[in-house]
K.L.:
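Please see the structure below; I have some questions.
Remember, it's 1-based here, ligands and their atoms both numbered in the order they're listed.
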Amino acid sequence: MEVIMERSAQSAAQLAAEQVACQITKNPQSVLGLATGRTMEPVYAKLCEFHEKYGLDFSQVRTFNLDEYVGLPSDHEQSYRTYMNNHLFNRVNIDLTNTRVPNGMADDLEAECQRYENEIKESGGLDLQLLGIGRSGHIGFNEPSAALYSRTRVEVLTRVTLMQNGPLFGGSAKMPHHAITMGIATILEARKCIMLVTGTETADVLAKAIEGPVTATVPASVLQFHPRVTVVLDSLAAVNLSHKEYYRWAQEQKLDWQRVQYPPLHASE
Ligand code: GLP
């Protein structure tokens with residue numbers, strides 16, 4: 001696990017966006033796994049900027065979002081489809097038919113989950129998965145006790161998650177209590193994962209996830225099993241980590257070929 005500690009939330013988001021941009025530049029037909037939430041907003045803003053300034057080309061990119069609320073029409077203002085359209089898809093040259101968000105309105109939710117899994121497989125699998133972390137320790141909407149081998153399915157949200165996201169709906173009672181989420185095994189099959197965490201709210205659970213034991217009680221801790229994970233943090237999110245000194249040292253010692261730079265040196269402003 002690579003842990004990168006940036007000074008500010010903005011520079012952490014920039015770094016995560018650079019990694020996504022490099023992936024797209026390396027393979028214009030990349031299959032991206034995307035996340036939602038406030039933390040991701042500056043990442044998508046940066047990607048839009050890269051598209052406008054440097055022509056970052058999304059025309060052949062395919063995307064799969066981690067999750068969607070059950071019972072929320074896709075055009076609802078709090079649906080993750082709306083979020084993605086507003087923050088990224090409508091602002092870059094992506095083909096909307098290449099973007100997937102689970103359908104939380106499907107009559108047969110189980111069939112929808114299976115269809116989503118199949119589509120990810122048929123696309124060749126996720127090249128890069130972006131992740132945030134919830135206060136409950138969730139990734140996607142895999143809440144504590146989620147099976148480590150779980151696939152895309154309907155999950156019951158914890159009260160902690162309802163408290164966290166409730167204000168966006170005008171109160172937790174008004175928000176859906178269920179969501180379709182990629183499973184933990186689905187996420188772990190991505191070829192690379194980037195987890196971005198900023199701010200103090202999730203600093204506690206983040207420390208458990210990356211320095212504690214792997215446990216279903218902290219779903220994000222399963223990322224310790226993944227061979228290619230980069231965790232990008234700001235200084236507030238990193239506050240409870242015990243091995244900060246080593247993470248800093250490891251970054252300083254990084255070999256040139258391991259460094260990511262976007263835009264590439266030859267790009268003109
Ligand atoms: C939601 C999403 C998660 C995301 C989390 C963090 O619960 N399902 O994928 O990581 O929000 O949200 P925020 O970035 O707003 O803290």
K.L.:
Classify the side-chain pair Asn118/Gln114 by whether it contains a donor and acceptor separated by less than 3.5 Å.
P.N.:
yes
K.L.:
Between Glu52 and Arg91, does any NZ, NE, NH1 or NH2 come within less than 4.0 Å of an OD or OE carboxylate oxygen?
P.N.:
no
K.L.:
If you measure only the distance, is there a donor-acceptor pair under 3.5 Å linking the side chains of Asn86 and Arg81?
P.N.:
no
K.L.:
Return a table of N or O atom pairs, ligand 1 on one side and protein on the other, at distances under 3.5 Å, rounded to 0.1 Å.
P.N.:
from	atom 1	to	atom 2	distance (Å)
ligand 1	7 (O)	His138	NE2	2.9
ligand 1	7 (O)	Asn165	ND2	3.3
ligand 1	8 (N)	Asp67	OD2	2.8
ligand 1	8 (N)	Gly140	O	3.2
ligand 1	10 (O)	Ile133	N	3.3
ligand 1	14 (O)	Arg38	N	3.2
ligand 1	14 (O)	Thr39	N	2.9
ligand 1	14 (O)	Thr39	OG1	2.5
ligand 1	15 (O)	Arg38	N	2.8
ligand 1	15 (O)	Arg38	NE	3.1
ligand 1	16 (O)	Gln164	NE2	3.3

K.L.:
Apply the test side chain to side chain contact (heavy atoms under 4.5 Å, CB included) to residues Met175 and Gln78: give CA-CA distance (whole Å), side-chain angles for both, the deciding distance (0.1 Å), then the verdict.
P.N.:
CA-CA 9 Å; Met175 74 175 275; Gln78 290 306 330; over 6 Å; no
K.L.:
State whether Arg115 and Glu119 are salt-bridged, where the test is any N-O pair (Lys NZ or Arg NE/NH1/NH2 against Asp/Glu carboxylate O) under 4.0 Å.
P.N.:
yes
K.L.:
Return all side-chain donor-acceptor pairs below 3.5 angstrom for residues 14-21, not counting sequence neighbours, or 'none' if the list is empty.
P.N.:
from	atom 1	to	atom 2	distance (Å)
Gln14	OE1	Lys46	NZ	3.1
Gln14	NE2	Glu18	OE2	2.8

